[in-house]
Amino acid sequence: MAEAGAARDVTIIGAGIVGICIAARLAEAGIRVKVIDRTGICAETSSGNAAALAFSEILPLAHKGMVAQVPRWLLDPLGPLAIPPAYLPSLAGWLYRFWRAGSAAKFNQAVAAQTAMMDLARGEWMDLMDASGTRTMLREDGCLELYESVAEHEASRPGWLERERAGIEIHHLAGEEIAQYQPGLSPRFVRAVFVPGWSNVADPAEIGRAIWRYAESLGAQWMQDRVVAVTHKGGQQRLRLESGGEHRTPELVIAAGAWSHRLTAMLGDTIPLEAERGYNTTLPGDAFDLRRQISFPGHGFVISPLATGIRVGGAVEFGGLERQPNFARSKAMLRKAADFLPGLKTEGGKEWMGHRPSLPDSLPVIDASNKPGVWYAFGHGHLGLTQAAATARLIRDLILGQKPAIPLAPFSASRF
């Protein structure tokens, strides 16, 4: 493998978890790698996620159960989903594609693609953790999904059946069984589902930094700057930098998360990427005796145990990349969390907002550009951490001219 990558230079735009994993895998192959990012290693969206390796999340967001809840959610300005009225015209095309993605044929195709991706992701993450010495950061405690009524639980069953058909182990719980998995819950939760194969990392920012140290030990380099323009000329990719300089590279990977579509448009690829603005509050570690990640699907948020505290986060707000954060949304989730976990201490929290890069069918773009020497790796939505190692493997396969580990047609940049 080292010979196949010898004397090649690849630049990666984006130092989130996807870009960092790609850097590590390319550096292993003997490729000279440079990563460019405007802030730092896993310093933006990749630092504030729920720390989940959600290998069981094979359903696209546009499944029937989700679409049915959208009108009710939109009625609550601080609920699980918010769209500022002024932003609706900009979002109309994306919403239409999202609705179309819920059709039976597209749904089944997306589930098959996600199932293959998750199977690959699990193995690739274990391999990358072993190679980078980060396996100790893995927590395999499962996830508990909670329901406030029998009817709510029954409405979720079709999704759980899809997961069971994919070979995912689940356990339906009722009554006092629930407290065995997480003591201290409000009695309002009468049903639950436990997913034992769900994993978390101790801290998403720290695992990203650790993987970068591994990539750096293999020769990967880092440049802090913002890429403001990309052009293809003379067999090279020319990156104009905010600092005023220009960086030239024969090969380029765009892994810039929610900003990626702005760069691809400069290369002639129009991709309907939207920024899902997510919110969280990270509380001190002694705020609650949290045994594992717990999820409240009816309210659109989760609570995750981290090495650095307890993170209460989720929700979706479509508002583009420029709108100021509305931290009333994180406060609303925290109030609900205090109701759901009566002993939760809500003082001393740190609020955060980040941009999830989301495509209408919930599948990322993992593909070659229309310009030679350029590859795309973005649009993972809520699953960037989960699928980062698999994406790195697939991009490495493409760059080295090897047969991809799974079929890539569902992840094509031209599918829209």
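Taking the side chain as every heavy atom from C-beta outward, E148 and H153 never approach each other to under 4.5 Å. L88 is listed as a side-chain neighbour of L95, based on a closest heavy-atom distance under 4.5 Å. For the pair M333 and R335, the minimum side-chain heavy-atom distance is 4.5 Å or more. At least one side-chain heavy atom of L241 sits under 4.5 Å from a side-chain heavy atom of H247. Contact annotation: the side chain of M117 approaches that of T391 to within less than 4.5 Å [non-hydrogen atoms, C-beta and beyond]. In this structure, the side chains of E274 and Y87 come closer than 4.5 Å at one or more pairs of heavy atoms. Using a 4.5 Å heavy-atom cutoff, the side chains of F288 and Q182 are in contact. Taking the side chain as every heavy atom from C-beta outward, E28 and Y214 approach each other to under 4.5 Å.
Under the 3.5 Å distance criterion, with hydrogens and angles disregarded, a donor-acceptor pair is assigned to the side chains of E145 and Y147. In this model, a donor atom of one side chain and an acceptor atom of the other lie less than 3.5 Å apart for Q114 and Q387. If you check the side chains of D9 and T249, you find no donor sitting under 3.5 Å from an acceptor. When only modelled atom types and interatomic distance are considered, T281 and E351 share no side-chain donor-acceptor pair under 3.5 Å. Defined by atom type and a distance below 3.5 Å, a donor-acceptor pair is present between the side-chain atoms of N200 and W198.
Atom CD1 of I406 is separated from atom CG of D119 by 9.0 Å, given to the nearest 0.5 angstrom.
Here the two rings, on F378 and Y376, have centers that are under 6.0 Å apart.
Ionic pairing of R163 and E57 is present here: one or more N-O contacts between side-chain nitrogen and carboxylate oxygen are shorter than 4.0 angstrom. Electrostatic pairing of R122 and E124 does not count as a salt bridge here, judged by no charged N lying under 4.0 Å from a carboxylate O. Using a 4.0 Å cut-off between charged nitrogen and carboxylate oxygen, R38 and E44 count as a salt-bridge pair. Contact check on R213 versus E206 returns a salt bridge, with a Lys/Arg side-chain nitrogen under 4.0 Å from an Asp/Glu carboxylate oxygen.
The shortest heavy-atom contact between L363 and L359 is O-CD1, 3.3 Å. Taking all atoms of both residues into account, the shortest heavy-atom contact from A23 to A215 is C-CB, 4.1 Å. Scanning all heavy atoms of the two residues, the minimum distance from A51 to L306 falls at CB-CD1, 4.2 Å.
Considering only residues two or more places apart in sequence or on other chains, R277 meets the salt bridge (charged side-chain N to carboxylate O under 4.0 Å, His left out) condition with E317.
Checked by atom type and distance alone, the side chain of K371 pairs as donor or acceptor with a backbone atom of L267 at under 3.5 Å. Side-chain N or O atoms of W99 include none that pairs as donor or acceptor with a backbone N or O of W94 at under 3.5 Å. Formation of a donor-acceptor pair under 3.5 Å by the D397 side chain with backbone atoms of A405 is found in this model. For the pair T45 (side chain) and R356 (backbone), a donor-acceptor distance under 3.5 Å is absent. A donor-acceptor pair under 3.5 Å is absent between the side-chain atoms of S412 and the main chain of A409, judged by distance alone. Here the side chain of N108 pairs a donor or acceptor atom with the backbone of A104 at under 3.5 angstrom. Within the 3.5 Å criterion, the main-chain N or O of P250 finds a donor-acceptor partner in the side chain of Q237.
Other residues, nucleotides and ligands place no more than 12 heavy atoms under 6.0 Å from the CZ atom of R100. Annotation for R240: atom CZ does not count as buried by contact number, only 12 or fewer foreign heavy atoms lying within 6.0 Å.
Taking the six-membered ring for Trp and thresholds of 30 and 60 degrees, F296 and F301 have ring planes inclined between 30 and 60 degrees apart. A tilted orientation is assigned to the rings of F194 and Y181, their planes being inclined by 30° to 60°.
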